[in-house]
Amino acid sequence: MNVKRLLNTEAKEQEVVVKGWIRTFRSNRFLAISDGSTVHTIQAVIDFEKHDDSLLKRLNTGAAVEVKGKLVESQGKGQKVEVLVSDFTILGDADADEYPLQPKRHSLEFLREKAHLRFRTNTFGSVFRLRHAMTFAVHKFFNDRDYFNIHTPIITGSDAEGAGEMFHVTNHDLNAIPKNDKGEVDYENDFFGKETNLTVSGQLEAELAATALSKVYTFGPTFRAENSNTSRHLAEFWMIEPEVAFNDINDNMDLAEEFLQYLCRYALENNRDDVEFLNQREIQENKSKPQQERPELNLIERLEFVVNNTFERITYTEAIEVLQRSKPYKKKKFKYPVEWGKDLQSEHERFLVEKHYNKPVIITSYPASFKAFYMRSNEDEKTVAAMDVLFPGIGEIVGGSQREERLEVLQQKCLDFNIPEEHIWWYLETRKFGTCVHSGFGLGFERLMMFVSGMGNIRDVIPFPRTPGNAEF
RNA sequence: UCCUCCUUAGCUCAGUUGGUUAGAGCAUCUGACUGUUAAUCAGAGGGUCCAAAGUUCGAGUCUUUGAGGAGGAGCCA
């Protein structure tokens, strides 16, 4: 039985076996053992007079142990039950001189460099249990609503997405790259016979499936070779992309809102221990920050806020008007200009979400010029049926749109965006045969994880982050 | 890629205007104590002050360059 189940077991002096790793050994008597099944440890009480001193000395933080004994009600105050140890075995030593994790606070930066061991801390244990729960909740949400999970390719020959810089995939000898007559790289004789990359989005392929299975979603790894050095970007991340036939942009917004609320509620209801631990961690961390930088709501309050409030829905044009009427605009506090046709900057989004509306905001109908080719043109022909969901502290957590389903309009867009039709002939054929209104969006899984865990750096919500200059482990 | 900041003991951090032998807490080791909750108490050991070059009688402290890290911007999820 694991620690999580043992802690919820009635103590009747029954014989139990616990295997796990030592967190602390206090007073030569009290062993706190974690097996990762829960944020809590189980206390094992050792009668030190009955055991060899040299054996007790090896009960260091980090060592793997097996203890046998009776499960009894605890005499102490911190826990309900504990194990009265009759026998214990040290399965794996952890030399206290060398083991880097001590029963004290470590910085997240330090633990990031010890990513192979950071699973053993309370914080990362909670984060990664929560990550599993969110993964499960994503699949449950869609499965319960008759969606089908589609595995879109990770290696792609499609270069039409334009979502960002791509990592090349090749089998060529990089020290002697074969060139063709024109002096260009000879992809014809490469493994796939054409230029290939790691996917930046499964959306185009998901659309193919949606135009037959109606309701589909992808949940897979995504790669961007952008040189982005921020706390919100990774070179390798996981993205969820639902795509739904016959949904228009409003249905799409409804879906995104319901989905995000479901996930936040799931964390609160099913991972209460971990969320509460992370809530306390954040409160402790904020104590050392100046009052201004502390969030108004704590983690649990923020999750409850999302669950209990509808998202504000405004158009890009309305957002510009709100910003132009705002105090920071009039006092010239914004660094970047606010005018129709200019993209919203982080400072503008933050103002709308964190100051003006003070709740999640969905912005729609962006000018076509700074959105992707596949987004559906609105009647005004200046804007497209795009939507961004903005969250406090995170910024853009969801980006999506109604897709352009009219073949001629899409062909014209390809021309405008310099996308050769022969590159995406297969995509265009969905518009040629039985085309239909359809919509979808992308949710960055790690951005969601930042929100539900309260972690401020995206590198701390994925086990082994991939960022520019770092692919350790 | 750009801007700003940081790098001092195993970890978290102090270190004043450039001035003798660079400090604290935790961890480690030795001992005491033994129903503790990051146990407590006493003592001890532990430093290439990120690297290189420079200014200076003298550099942890000032300058330049480099490396690593963080925050912000851009791009986005």
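Letters go in sequence order (proteins before strands), and every chain restarts at 1.
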Self-check item: C1'-based separation of B:C11 from B:C2 [nearest Å]
Solution: 33 Å
Quiz item: Please, what dot-bracket string fits RNA chain B when only Watson-Crick and G-U pairs with both distances under 3.5 Å count, crossing ones use [ ] and pairs to another strand use |?
Solution: (((((((..((((.....[...)))).(((((.......))))).....(((((..]....))))))))))))....
Practice problem: Let me see the working for A:Glu207 and A:Tyr374 under side-chain hydrogen bond (donor to acceptor under 3.5 Å, both in side chains), right down to the final yes or no. | Solution: CA-CA 11 Å; A:Glu207 283 187 52; A:Tyr374 51 73; over 6 Å; no
Quiz prompt | Test: A:Asp254 and A:Arg313 ion pair at under 4.0 Å | solution = yes
Quiz item: Say you pick atom P in B:A59 and the same atom in B:C13; how far apart are they, in whole Å?
Solution: 28 Å
Self-check item: Spacing of the P atoms in B:G58 and B:G71 (rounded, Å)
Solution: 40 Å
Quiz item: How far does the C1' atom of B:G25 sit from the matching atom of B:C50, given to the nearest Å?
Solution: 24 Å
Quiz item: Nearest to the side chain of A:Ala96, which nucleotide is it out of B:U34, B:U28, B:G35?
Solution: B:U28
Self-check item: Proximal nucleotide (of B:A70, B:U36, B:U34) relative to the A:Gln43 side chain
Solution: B:U36
Quiz item: Distance between the P atoms of B:A14 and B:C62, in whole angstroms?
Solution: 15 Å
Quiz item: Any side-chain N or O of A:Asn60 under 4.0 Å from OP1/OP2 of B:U28?
Solution: no
Quiz item: Quick one: A:Lys335 NZ to B:C2 P, roughly how many Å, whole number?
Solution: 15 Å
Quiz item: Can you check the A:Arg232 CZ to B:A73 C1' distance for me, whole Å?
Solution: 9 Å
Quiz prompt | Test log, rule ring pair (Phe, Tyr, Trp, His ring centres under 6.0 Å), inputs A:Phe142 and A:Phe259 | solution = CA-CA 9 Å; A:Phe142 288 122; A:Phe259 184 43; 4.9 Å; yes
Quiz item: A:Asn229 near the nucleic acid: base, sugar-phosphate alone, or nothing, with a heavy-atom cut-off under 4.0 Å?
Solution: base
Quiz item: At under 4.0 Å, does any side-chain N or O of A:Thr230 touch on OP1 or OP2 of B:A73?
Solution: no
Quiz item: Should A:Thr230 and A:Arg232 be marked as a side-chain hydrogen bond (donor to acceptor under 3.5 Å, both in side chains) after you check the CA-CA gap, both sets of side-chain angles, and the distance that decides it?
Solution: CA-CA 5 Å; A:Thr230 82; A:Arg232 298 182 308 281; 4.7 Å; no
Quiz item: For B:G74, does OP1 or OP2 lie under 4.0 Å from any side-chain N or O of A:Gln345?
Solution: yes
Exercise. State which of B:A73, B:U30, B:G74 makes the closest approach to the side chain of A:Lys57.
Key: B:U30
Quiz item: Side-chain N or O of A:Arg459 less than 4.0 angstrom from OP1 or OP2 on B:G71?
Solution: yes
Quiz item: With under 30° as parallel and over 60° as perpendicular, where do the rings of A:Phe334 and A:His348 fit, or are they tilted in between?
Solution: perpendicular
Exercise. Take atom C1' in B:U8 and the same atom in B:U61, then report the distance between them in whole Å.
Key: 11 Å
Practice problem: Take atom NE2 of A:His233 and atom P of B:G74, then tell me their distance rounded to the nearest Å. | Solution: 10 Å
Self-check item: Sugar-phosphate, base or nothing in reach of A:Glu109, heavy atoms under 4.0 Å
Solution: sugar-phosphate
Quiz item: Once the angle between the rings of A:Tyr366 and A:Phe370 is folded into 0 to 90°, is it parallel (under 30°), tilted (30 to 60°) or perpendicular (over 60°)?
Solution: perpendicular
Quiz item: NA contact type, A:Leu234, heavy-atom cut-off 4.0 Å: base, sugar-phosphate, or nothing?
Solution: base
Quiz item: Checking all strands, does A:Ser74 fall into the base, sugar-phosphate, or nothing category for heavy-atom contacts under 4.0 angstrom?
Solution: base
Quiz prompt | Spacing of A:Phe25 atom CZ relative to B:U37 atom P, expressed in whole Å | solution = 15 Å
Quiz item: Starting at CD of A:Glu472 and ending at P of B:G68, how long is that distance when rounded to a whole Å?
Solution: 13 Å
Quiz item: B:U34 phosphate, OP1 or OP2: any side-chain N/O from A:Asn28 under 4.0 angstrom?
Solution: no
Exercise. Looking at every strand, decide which applies to A:Tyr99 at a 4.0 Å heavy-atom threshold: base, sugar-phosphate, or nothing.
Key: nothing
Quiz item: Taking NZ from A:Lys80 and P from B:G35, how many angstroms apart are they, rounded to a whole number?
Solution: 25 Å
Quiz prompt | Phosphate contact (B:A39 OP1 or OP2) by A:Arg26 side-chain N/O below 4.0 Å | solution = yes
Exercise. Can you check whether any acceptor in the base of B:G35 is under 3.5 Å from a donor in the side chain of A:Glu82, or vice versa?
Key: yes
Practice problem: Mind telling me whether A:Phe128 and A:Phe119 have parallel, tilted or perpendicular rings, with 30° and 60° as the class edges? | Solution: tilted
Practice problem: Check whether any side-chain N or O of A:Ser107 sits under 4.0 Å from OP1 or OP2 of B:U12, and answer yes or no. | Solution: yes
Practice problem: Might you confirm whether atom NZ of A:Lys4 has over 12 heavy atoms from other residues, nucleotides or ligands at distances under 6.0 Å? | Solution: no
Quiz item: Can you tell which of B:G69, B:U36, B:G72 lies closest to the side chain of A:Ser231?
Solution: B:G72
Exercise. Send over the distance from A:Glu347 CD to B:C3 C1', rounded to a whole Å.
Key: 15 Å
Quiz item: Within the pair A:Ser27 and B:C33, is there a side-chain N or O less than 4.0 Å away from OP1 or OP2?
Solution: no
Exercise. Could you check how far CZ of A:Phe110 sits from P of B:A9, rounded to whole Å?
Key: 12 Å
Practice problem: Count the heavy atoms belonging to other residues, nucleotides or ligands that lie under 6.0 Å from CD of A:Glu10, then report whether that count exceeds 12. | Solution: no
Exercise. Output yes when at least one side-chain N/O atom of A:Arg112 is less than 4.0 Å from OP1 or OP2 of B:A70, else no.
Key: yes
Practice problem: Could you give me the CA-CA distance, side-chain angles and deciding distance for A:Tyr217 and A:His139, then say whether ring pair (Phe, Tyr, Trp, His ring centres under 6.0 Å) is met? | Solution: CA-CA 9 Å; A:Tyr217 70 103; A:His139 288 297; 5.6 Å; yes
Quiz prompt | Rounded distance in Å between the P positions of B:U40 and B:A53 | solution = 45 Å
Quiz prompt | Selection from B:C11, B:A39, B:C75 that lies nearest to any side-chain heavy atom of A:Thr24 | solution = B:A39
Quiz item: Mind checking the P distance from B:A24 to B:C5? Whole angstroms is fine.
Solution: 31 Å
